[in-house]
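See structure below.
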Amino acid sequence: MVRAGAYPRYVNSVNAYAEELLEGLNEPQRRAVQHPGGPLLVIAGAGSGKTRVLTHRVAYLVRTGECGLGEILAVTFTNKAAAELRHRVGDLLGRSTRGLWVATFHSACARILRVEAEKLGYTRTFTIYDSDDSKRLVKRCLEAEGADTKRFTPNAVRNQISDHKNRLRSVQQAQDLAAGHYDRTVADAYAAYQKQLVANNAMDFDDLMARTVDLFERYPDVRERYRRAFKHVLVDEYQDTNPAQYRFLQLLCMDDPMHQAGPSGGGAGRDALGAGDDTNALTAPLAGEEPGHRNLMVVGDDAQSIYGFRSADIRNILDFEDDFPDAEVIKLEQNYRSTQHILDAANGLIEHNTNQREKHLFTDEGTGDEVRVRALQDDHAEARWVVSEIERLAGEGVPLGDMAVLYRTNALSRAIETSLTQAELDYQVIGGVRFFDRAEVKDALSYLAWLHNPANTVAFARVVNRPRRGIGDTSVGRILSHAASTGVTPLEVIADPAAAGLKTAAVRAVTTFAGQIEELRERLFGGPDEVGGAGGPASQDLRIADLVEDVLRITGYRAELEASEDPQDEGRLENLDQLHAYAEEFDAAEATPEDDAFHALDRFLQQTALLSDADSKADGPDGQVTLMTLHNAKGLEYDAVFLVGLEDGIFPHSRAIDSGELEEERRLAYVGITRARRHLSITWARRRAMYGPPQSQVPSRFLRELPHDALDDASPEAMTGQPSFGGAERGRRDFSAIGRIGRGSGASRPGGPPRDLSSLGLKRGSDLVSSRADAEPAPSWAPGQRVRHVKFDAGEVVRMDGDVVVVRFDEAGEKRLIAGFARLETL
DNA sequence: ATATACATCCTTTTT
DNA sequence: GGATGTATAT
C-alpha cells in the first residue's frame, strides 16, 4: 500500500538551522537524512559514513521539529556503539542528549522489562543471567532429566535453546517441531530450563528480547504506550538482527506485524514456526489498535552480516522491501576509508556470493598500494614476515596503533605474539576472557547477585563453596532440591540446614556460611531482617564499593587468595582490585542520595550484566599493534591490516565448509579487507602447527577469488602454493598433500600441482590410516561419496577426478574420518 | 570433600 | 598448547 502524503512533509519546512546538518554529505547520505518518513533501508557499504547518516538523521529530526529528542529510539548492538552515537549526536546538536533513547537492543528491553516484569511472572528485581550462568542452569536441567551430558553438552544445548528463543519459538513450539531424539531432548531441556529461570526470577540475554516481544504481544496497551513514546526508531547494524529483534521493531513501529509481512512472510513469522505454519497464538493479530507510525529507519550492510551462527538472519536486510512494501532503499557506495585497490579486492571477493544486494564500493582517494599476498613456509615464517612488514611501515611513519593483525580464530594469535615480543614491539590482544567473565570477578558479583536476589540458585551454587568451606556437590544438591521441593529460596534452607538432610560436618560449614551471609545482608539492608524479605530499611550511605569489599573480607575470599602460594592468585587479587575501582566509579557517577543501597545494587548489577568490556576494545593506548579476530574487527579501521592464516580449513573454517556456510565466511573476509585504509597484506602458511605437530595447509579458496589486478603477486606460487611431499607425521603418513590437487574451478593450469596419487607417494586403493580412534563419521558420509578438499584420514582412494578425490570407505570401519576436514558430495 | 592425574576437546561470540 | 571435565585415590 502506497501512502504518499500520509507522512509529515517536514522536509519542506525551510529551516536553516536544520539545513546546516546537510552540509558535507553526499547525495545519497543527504537523501537518507532528509527521508520524509516511513520505512527506510540504508545499505551502507563499509566505510561509507553510516554513523554519520544516523547521527545527522537524529539531529535533523530534532532540528526540523519533527519530533523531540525524547521521542527517538536509536538501537545498536553494542554499548560502545550506543555511547558513540549519543556522543556524536550531542556534538551535532551542541546540547545535552538527555531524554534521547540510545541503547542496545538488550538494554532497551531490560529497561522496559524492569517496569513491566510483574506482567510476565517476574519481579522487578529479576536477575540477568549471562551465558555462563545460563550454561550452568542448562547443565543442571540436563542432569535432572537424566540426559547424557556427553552427547548433550550443556553448551550445545544452550545454543540450541538460544536459537529457539531468538527465533521466538516457545517451549511448546520447540517440542512440536522436534523430530528426532536429539531435538526432543533439547526441547525438554528448554522446558525445564525456562521453568527454572522463572523460579530463579532470572532472564537470560535472549529472554530480554523474547520476553519483551511477549509483553508487547500479550499487552497491546503496553505496546501502544511504547509505540507512542517513540515516533522514530533507528537501527544500526540491521544485517545482524535476529527474528526476535525484527519482531520487536515491527511491534514498535508497524500497524499489525503479522499482516504487515510481505509474500516471504515477516522475519519472525517466517521463522517462528518452521516451514508451512504461519499461525501462533502469541502473535495473533491485535484488534482495534491505532496505526503504527511506520517511521523505521534501518542502516546496515548485508555484506557484513557475520553473526548467522548467533541466529542473526540476513534475510531481514535482504528482504526488507518484501516485509515493508513501501520502503525506500538508499545505497551508500562511496567509501571514505580505503584506497581503490583495497576496495577492488573487497568488491571482487564478495561478488562470489549469490545471496546479496548488488553493491560496488568506490573512492576518490586514488588506487593506492596493491594488496600484498604472501605464501610463507610455516606459521613462524608468516609471523616473522608480518612483523617485518610492521617494522617497515613503522619506519615509514605509520604508528603502531594504526596497524592490526586479524585472524579467523584466536588460536592463531600465538605465533604473531611471539614474533612481536621478539621484535620488542608493543601489542594488545583483543578478545579472550573478558573482565567480567573472570572467575574471581564473577564470584564476587555472584555474591552480590545472590544478596540481591536470593532465589538466584545459580549464584548461590556458585558462591556457596567459594572459598572452599567443605560444602561439596552433594550438600549443594541437597540444599537445592530441598529448596525446590518446599518452594523456598536457598537462603531459607541454609538457616536450618539439618532440615535439608545435611550431615553434621556439612551442617556446621553451612551454618558458618549462613552467618557470613547474614552479616552481609545486615549491611545491605541496614539491620537484621527476616529471611527472604527485601524489606527493612536499607542503609543510605553504603556504597557498592564498600559492599564489594565486605563480601571479599567477610567471606574470607580475599584472605584465601592472599595466603595462596599460587602466583596466579596475585593477578586474581589485582582483578578484584579493579572490580573495586569499577564499583567506586559507579558510586561516584551514579550516586543518588534518595536511593538506598539496595536500589543502587539493583542498578549496579544490571549495568554489569549488560556491559562487556567494550570500552577497552580497540581503544587501547597508542603505540600498540592490535591483534584480534575478524569478528572483533567489525566497525574498526586501521592504516595497515594484516590478514593471516588464509588457509582452507582455517579460513574458511572447516566447519563452515562442512555445513556449507561459505557465504558468511566470505563476508567475514570482506569485513577484514575493508578494515584497511592504505595497506593490506594477506598471508598463508604452507605448514602450520595448530594443536600438536605441524600440518600441511592449502591456501584459502578466497585467495583465488581476489581480482588479480588488485594484487601485487598473483602468481600460482603465492595463490596456490607449491606441491610439497609430506613425510610421516604423528606416526602416520601425511596425506594432506592431496589437498594440493584442489585448484579452484578445476581448470588445469600449467605448473599446477600434481594430479597423480603416485607422485604423492600414494597408490590407488591404498589405505589411508585413521588418525583418531574417536573420530566419528559425519552423519552424511557414506561410501561412494566424493571428498573435496583435504585431510581425510581413512578410507580407500578410488580415483581422482579433476580436483576431486574419490574415496571409498570400508564397510566395517565406522571410525575412520576426522569430520570437518572433508567436503563431501554425492556422486 | 578434595586433590591429583588423565583424557578430551577444541570457531567466531556485539548482549 | 591449554583449559576443562572426569575418574581415581586419599
Side-chain angles (χ1 to χ4, degrees), chain A residues 75-82 103-110 128-131 134-135 139 149-150 153-156 158-159 162 165-166 203-209 236-237 239-242 244-245 304 306-312 406-415 418 430-434 436-437 439 465 468-476 503 505-506 509 606-614 617-618 628-636 645 649-659 661 664-665 667-668 671-672 689-693 772-775 818 820:
Chain A
V75 206
T76 65
F77 277 87
T78 67
N79 294 301
K80 191 185 167 202
T104 64
F105 273 105
H106 291 86
S107 63
C109 287
I128 298 171
Y129 276 175
D130 67 16
S131 7
S134 101
K135 193 173 92 187
K139 188 176 179 211
T149 47
K150 278 260 173 49
T153 63
N155 229 342
R158 199 200 72 86
N159 287 339
S162 174
K165 290 190 184 182
N166 288 329
M203 296 195 202
D204 62 21
F205 286 143
D206 306 318
D207 276 332
L208 295 177
M209 291 309 311
D236 191 18
E237 306 279 19
Q239 76 281 357
D240 290 331
T241 50
N242 63 34
Q245 287 154 342
Q304 294 186 68
I306 54 173
Y307 283 102
F309 68 96
R310 295 188 48 162
S311 315
L406 310 181
Y407 35 77
R408 177 67 238 263
T409 71
N410 285 306
L412 295 196
S413 75
R414 183 172 305 132
T418 308
I430 308 294
V433 192
R434 286 190 280 270
F436 288 106
D437 291 341
N465 199 31
R468 275 185 288 278
R469 311 180 162 92
I471 307 170
D473 290 346
T474 23
S475 298
V476 175
K503 303 270 170 52
Q606 157 128 355
Q607 184 177 309
T608 51
L610 293 177
L611 201 80
S612 56
D613 43 5
K617 180 162 157 178
M628 66 187 141
T629 63
L630 288 150
H631 281 91
N632 269 317
K634 199 177 72 164
L636 305 175
I650 291 178
F651 192 25
H653 195 274
S654 50
R655 288 168 81 141
I657 297 171
D658 268 356
S659 53
E661 286 156 348
E664 180 152 315
E665 295 285 294
R667 292 193 289 268
L668 194 53
V671 166
M690 287 288 283
Y691 322 104
R772 287 203 219 168
D774 62 313
I818 294 182

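Keep in mind it's a predicted model, so treat the numbers as computed, not measured. Reminder, nothing fancy here: chain letters follow the sequence lines and each chain counts from 1. Side-chain atoms are counted along with the backbone in the values below, which use heavy atoms only and exclude waters and symmetry mates.
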Derivation and outcome, side-chain contact (heavy atoms from CB on, under 4.5 Å), residues A/Leu630 and A/Ile306:
CA-CA 10 Å; A/Leu630 288 150; A/Ile306 54 173; over 6 Å; no

Run the side-chain contact (heavy atoms from CB on, under 4.5 Å) check on A/Gln245 and A/His106 step by step: do they pass?
CA-CA 9 Å; A/Gln245 287 154 342; A/His106 291 86; 4.0 Å; yes

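Between A/Lys150 atom NZ and B/dT8 atom P the separation is 8 Å, expressed in whole Å. The interatomic distance linking A/Asp658 (CG) with B/dT11 (C1') rounds to 13 Å, in whole Å. One interatomic measurement links the two molecules: CD of A/Glu237 to P of B/dT13, which rounds to 15 Å at whole-angstrom precision. The nearest whole Å value for the distance from the CG atom in A/Leu610 to the C1' atom in B/dT15 is 7 Å. Rounded to whole Å, the distance from CZ on A/Phe205 to P on B/dT13 is 15 Å. Separating the CG atom of A/Leu406 from the P atom of B/dT12 is a distance of 15 Å, rounded to the nearest angstrom. We find that CG of A/Asp206 is positioned 12 Å from C1' of B/dT13, with the value rounded to whole Å. Between A/Lys634 atom NZ and B/dT15 atom C1' there is a gap of 13 Å when expressed in whole angstrom units.
For A/Thr474, a side-chain nitrogen or oxygen approaches OP1 or OP2 of B/dA1 to under 4.0 Å. For the OP1/OP2 pair of B/dT12 and a distance below 4.0 Å, the side-chain nitrogens and oxygens of A/Asn632 include no atom meeting the criterion. Using a 4.0 Å cut-off, no side-chain N or O of A/Ser654 falls inside it from OP1 or OP2 of B/dT11.
Residue A/Phe105 is out of contact with every strand shown, counting any heavy-atom pair closer than 4.0 Å. In this structure, A/Glu665 reaches the bases: a heavy-atom distance under 4.0 Å links it to at least one base atom across the strands shown. Heavy atoms of A/Ser475 sit under 4.0 angstrom from primed sugar atoms or phosphate atoms, though from no base atom. Among the atoms of the strands shown, only primed sugar atoms or phosphate atoms (P, OP1, OP2) are found under 4.0 Å from some heavy atom of A/Asn410.
Spacing between C/dT4 and B/dT13 at atom P, rounded to whole Å, works out to 16 Å.
Closest approach of A/Phe436 and A/Thr608 over heavy atoms only: CE2-CG2, 3.8 Å. Smallest separation of non-hydrogen atoms from A/Gly470 and A/Asn465: N-OD1, 3.2 Å.
For B/dT12, the base is anti relative to its sugar; the glycosidic angle deviates from 0 by more than 90°.
Put simply, A/His106 does not rest on the base of B/dT15: the two rings are not both less than 5.5 Å apart at their centres and under 30° in tilt. Both thresholds, 5.5 Å between centres and 30° between ring planes, are met by A/Phe309 relative to the base of B/dT12, so the two rings are stacked.
By the side-chain hydrogen bond (donor to acceptor under 3.5 Å, both in side chains) test, A/Ser162 pairs with A/Asn166, A/Asp206, sequence neighbours left out. Taking A/Asp204 as the reference, A/Lys165, A/Tyr193 meet the side-chain hydrogen bond (donor to acceptor under 3.5 Å, both in side chains) condition, with sequence neighbours excluded. Qualifying side-chain hydrogen bond (donor to acceptor under 3.5 Å, both in side chains) partners for A/Asp130, counting only residues two or more places apart in sequence or in other chains: A/Lys442. With sequence neighbours left out, the side-chain hydrogen bond (donor to acceptor under 3.5 Å, both in side chains) criterion links A/Thr76 to no other residue.
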Pairs under 3.5 Å (N/O, protein and nucleotides 1-5 of chain C):
| residue | atom | partner | partner atom | Å |
| --- | --- | --- | --- | --- |
| C/dG1 | O4' | A/Arg414 | NH1 | 3.2 |

Give each protein N/O atom lying under 3.5 Å from an N/O atom of nucleotides 2-7 of chain B, with the pair distance.
| residue | atom | partner | partner atom | Å |
| --- | --- | --- | --- | --- |
| B/dT2 | OP1 | A/Gly470 | N | 3.1 |
| B/dT2 | OP2 | A/Asn465 | ND2 | 3.1 |

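For the pair A/Tyr407 (side chain) and A/Met628 (backbone), a donor-acceptor distance under 3.5 Å is present.
Taking the centre of each ring, A/His631 and A/Phe309 come in below the 6.0 Å mark.
Mapped onto DNA chain B by nearest heavy atom, A/Arg310 and A/Ala656 fall at different nucleotides, with A/Ala656 at the one closer to the 5' end.
Among the nucleotides B/dT13, B/dT15, B/dT11, the one closest to the side chain of A/His631 is B/dT13.
At a threshold of 4.5 Å between non-hydrogen side-chain atoms, the residues A/Leu412 and A/Ile650 count as touching.
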